[in-house]
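Right, one structure below, let's go through it.
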Amino acid sequence: MTEINVQTLARRAKEASWKTALLGADVKKSALRSAAKGLLRESPRVQKANDQDMAQGKKSGLSAAMLDRLALNPKRIAAVAQALQEIGEATDPVGEVVEEWTAQGGLKIKRVRVPIGVIGMIYESRPNVTVESAALCLKAGNSVILRGGSEAIHSNLCLADIFSRAVQARGVPEGAVQLIANTDRSTIYELCRMSAEVDLIIARGSEKMVKEIRQKSYVPVLGHGKGVCHVYVDRAADLKMAAEIAFNSKVQRPGVCNAMETLLVDKTVAKKFLPELYRRYRQAGVKICGDTETLAL
C-alpha cells in the first residue's frame, strides 16, 4: 500500500462521506458480506502479515498479554468475519426515528439518526479493531480513517486493504475506508487538527494516549476513562448461568481490555456461589483478591 499523507486521506474521506451517507441499507449489507467473504478467502495472507507483527513483537519484548492481543489465528479470523456478517445483517440505523412529538402550536418534531460524517479511529494492539470499527462506521453511513498501533502495522495494512477493496466492489465510494500507513505518533495529532475534514475522533487505548489526544485535538473526541470491568451477581440471578459468565469473562482472553477485573456478588448468595467458582478459577490459574469475608468463603 502506497503511503499517503494525512491531509490527502482526510480530503478523500470528506469527499467520500457525502456519498457514504446516502448508501442504501442493501448496499451496505452486501458490502459487509463481501468483506467477510474476502477476509475468509484471504485468511492465509492475513496470517502471514500477522506472523510478521508477532515476530517483531517478540523481538521488541512485548508482554505476553500484548502478544495475545496482537495474535490472529484461523479461529480469530473466522470470528472477525462472523462479526462483519452480523453487523451487515443488523437493522440499519440511518433514518431511524428515535423520538417524535408535537410542540405547542402544532409543529411536529422528530429526532432522526443520521451519519456523523468522517470518523478518525485511533486504537492500539488488536488488529481485529481495524475491520470491526470500519464495518460499524460504514453501517452508520460514515467514512473512516483508521490509525492503528505500530505493533500491528502489517496486519492492519493487510486487513484494511482486503476490507476496502471488498466494499468498493459493492458500491462503497473510494476513500470511505482508509488506513494511515505512517506509524509515527505525529500522524495522530495531525489527524486530530483537521477539524474541517474530520467530524469525530474515537480514541481507544491507554489512558495516557486518550488524555493527550483530548488535550491536542481540534476535533471532538469520544474517549474513555480508566474503566474497571465488573460482573455483578444478584441474589435473583440464575447462579449456574452467572458462574459461566463470571468464568468466561475472566478466563477466555484475560489480556483484552474488556476482561473482567472485579466480581461483585450479593452476600445472600455468596456462600453458595463463590466456593465452586473459586475452585474453577484456581484450576485456570486465576488469583483471587478480596476482603476477609470473601477469602474465608
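The chain is numbered in sequence order, starting from 1.
When each of Leu146, Leu179, Leu39, Leu84 is tested with Phe163 by the rule side chain to side chain contact (heavy atoms under 4.5 Å, CB included), just one qualifies, namely Leu84. Considering Val118, Ile116, Val221 in turn, Ile116 is the only one that fulfils the side chain to side chain contact (heavy atoms under 4.5 Å, CB included) rule with Leu200. Looking at Lys110, Arg111, Lys108 one by one, the single match for salt bridge (charged side-chain N to carboxylate O under 4.0 Å, His left out) with Glu99 turns out to be Arg111.
Contact of the Gln85 side chain with the Arg33 side chain is registered, since non-hydrogen atoms from C-beta on lie closer than 4.5 Å. Tyr189 is listed as a side-chain neighbour of Ile213, based on a closest heavy-atom distance under 4.5 Å. For the pair Leu222/Ile201, no side-chain contact is recorded, criterion being any heavy-atom separation below 4.5 Å from C-beta on. Counting heavy atoms from C-beta outward, Arg280 and Val286 have side chains that stay 4.5 Å or more apart. Within the 4.5 Å cutoff, no side-chain heavy atoms of Val219 are placed close to those of Cys192. Using a 4.5 Å heavy-atom cutoff, the side chains of Pro173 and Gln168 are not in contact. Side-chain contact between Val98 and Arg113 is present, with heavy atoms from C-beta onward closer than 4.5 Å. Side-chain contact between Cys158 and Val46 is present, with heavy atoms from C-beta onward closer than 4.5 Å.
For the atom pair Lys75 NZ and Ile77 CD1, the distance stands at 13.5 Å (nearest 0.5 Å). Considering CD1 of Ile87 and SG of Cys137, their distance stands at 10.0 Å, rounded to 0.5 Å. In this structure, CD1 on Ile153 lies 4.0 Å from CG on Leu157, to the nearest 0.5 angstrom. Atom CG in Leu239 sits 12.0 Å away from atom CD in Glu276 (nearest 0.5 Å). Atom OG of Ser150 and atom CD of Gln56 lie 9.0 Å apart (nearest 0.5 Å). Rounding to the nearest 0.5 angstrom, the gap separating the CZ atom in Arg76 from the OG atom in Ser43 is 13.0 Å.
Between Glu42 and Arg165 there is a salt bridge, since a side-chain N of the basic residue sits under 4.0 Å from a carboxylate O of the acidic one. A salt bridge is absent between Glu261 and Lys250; no separation between the charged side-chain nitrogens and carboxylate oxygens falls under 4.0 Å. One finds a salt bridge joining Asp161 and Arg45 here, because a Lys/Arg side-chain nitrogen approaches an Asp/Glu carboxylate oxygen to under 4.0 Å.
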Query raised in the report: Glu124 and Arg69: salt bridge (Lys or Arg N to Asp or Glu O under 4.0 Å), yes or no, with the steps?
Result: CA-CA 9 Å; Glu124 297 174 332; Arg69 292 185 187 191; over 6 Å; no
Report task. For the pair Gln178 and Ser164, evaluate side chain to side chain contact (heavy atoms under 4.5 Å, CB included) and give the outcome as yes or no after the intermediate values. Result -> CA-CA 7 Å; Gln178 301 177 95; Ser164 59; over 6 Å; no
Report task. Verify side chain to side chain contact (heavy atoms under 4.5 Å, CB included) between Arg185 and Glu190, making sure each step is shown before the conclusion. Result -> CA-CA 9 Å; Arg185 203 167 183 82; Glu190 191 175 0; over 6 Å; no
Requested in this report: Give the intermediate values and the outcome of side chain to side chain contact (heavy atoms under 4.5 Å, CB included) for residues Ser249 and Val231.
Outcome: CA-CA 8 Å; Ser249 61; Val231 171; 3.6 Å; yes
Requested in this report: Apply the test salt bridge (Lys or Arg N to Asp or Glu O under 4.0 Å) to residues Asp199 and Lys14: give CA-CA distance (whole Å), side-chain angles for both, the deciding distance (0.1 Å), then the verdict.
Outcome: CA-CA 9 Å; Asp199 299 288; Lys14 193 66 175 179; 3.2 Å; yes
Report task. Tell me, with the steps shown, if Lys58 and Asp53 meet salt bridge (Lys or Arg N to Asp or Glu O under 4.0 Å). Result -> CA-CA 9 Å; Lys58 291 173 183 176; Asp53 291 325; over 6 Å; no
Query raised in the report: Taking it one step at a time, do Val172 and Leu138 satisfy side chain to side chain contact (heavy atoms under 4.5 Å, CB included)?
Result: CA-CA 9 Å; Val172 174; Leu138 178 59; 4.0 Å; yes
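In the model, Ser217 has no side-chain atom that pairs as donor or acceptor with a side-chain atom of Arg193 under 3.5 Å. For the residue pair Glu197 / Gln7, no side-chain donor-acceptor distance below 3.5 Å is found, with atom types taken as modelled. In this model, a donor atom of one side chain and an acceptor atom of the other lie less than 3.5 Å apart for Glu86 and Gln82. Thr294 and Asp291 are linked by a side-chain donor-acceptor pair at a separation below 3.5 angstrom, with hydrogens and angles left out of the test. Inspection of the Asn182 and Thr187 side chains reveals no N or O donor paired with an N or O acceptor under 3.5 Å.
Note on Val144 and Leu136: same hydrophobic cluster, where clusters join Ile, Leu, Val, Met, Phe, Trp and Tyr whose side-chain heavy atoms are under 4.5 Å apart, directly or indirectly. Tyr281 and Val233 fall within the same hydrophobic cluster, defined by Ile, Leu, Val, Met, Phe, Trp and Tyr side-chain heavy atoms under 4.5 Å apart, directly or through other members. Cluster annotation: Val269 and Leu295 are assigned to the same hydrophobic cluster (Ile/Leu/Val/Met/Phe/Trp/Tyr, side-chain heavy-atom contacts under 4.5 Å, transitive). Following chains of ILVMFWY side-chain contacts shorter than 4.5 Å, one can reach Val131 starting from Leu23, so the two form part of one hydrophobic cluster. In this structure, Leu67 is not a member of the same hydrophobic cluster as Val251, with clusters built from ILVMFWY side-chain heavy atoms closer than 4.5 Å.
The backbone N or O of Val80 lies less than 3.5 Å from no partner atom in the side chain of Asn128, so there is not a single donor-acceptor pair. Panel note: side chain Lys28, backbone Lys139; a donor-acceptor pair is recorded below 3.5 Å. Using modelled atom types, one side-chain atom of Arg253 and one backbone atom of Asp68 make a donor-acceptor pair closer than 3.5 Å. Ser143 places a side-chain N or O within donor-acceptor distance of the main-chain N or O of Ser17, the cut-off being under 3.5 Å. In this structure, the side chain of Arg279 does not engage the main chain of Leu274 through any donor-acceptor pair within 3.5 Å. Side-chain N or O atoms of Ser30 include none that pairs as donor or acceptor with a backbone N or O of Asp26 at under 3.5 Å. Arg170 places no side-chain N or O within donor-acceptor distance of the main-chain N or O of Leu32, the cut-off being under 3.5 Å. With Thr8 contributing its side chain and Ile4 its backbone, the two residues share no donor-acceptor pair below 3.5 Å. Checked by atom type and distance alone, the side chain of His154 never pairs as donor or acceptor with a backbone atom of Ala152 at under 3.5 Å.
Cation-pi geometry between Arg204 and Tyr123 is not met at under 6.0 angstrom from the ring centre and within 45 degrees of the axis.
Residue Glu96 qualifies as enclosed at atom CD: its count of foreign heavy atoms under 6.0 Å is above 12. Heavy-atom neighbours of Tyr232 OH from other residues, nucleotides or ligands within 6.0 Å: above the threshold of 12. At most 12 non-hydrogen atoms from other residues, nucleotides or ligands lie less than 6.0 angstrom from CD of Glu293.
Residues Ala166 and Ala35 come closest through the heavy atom pair CB-CA, 3.6 Å.
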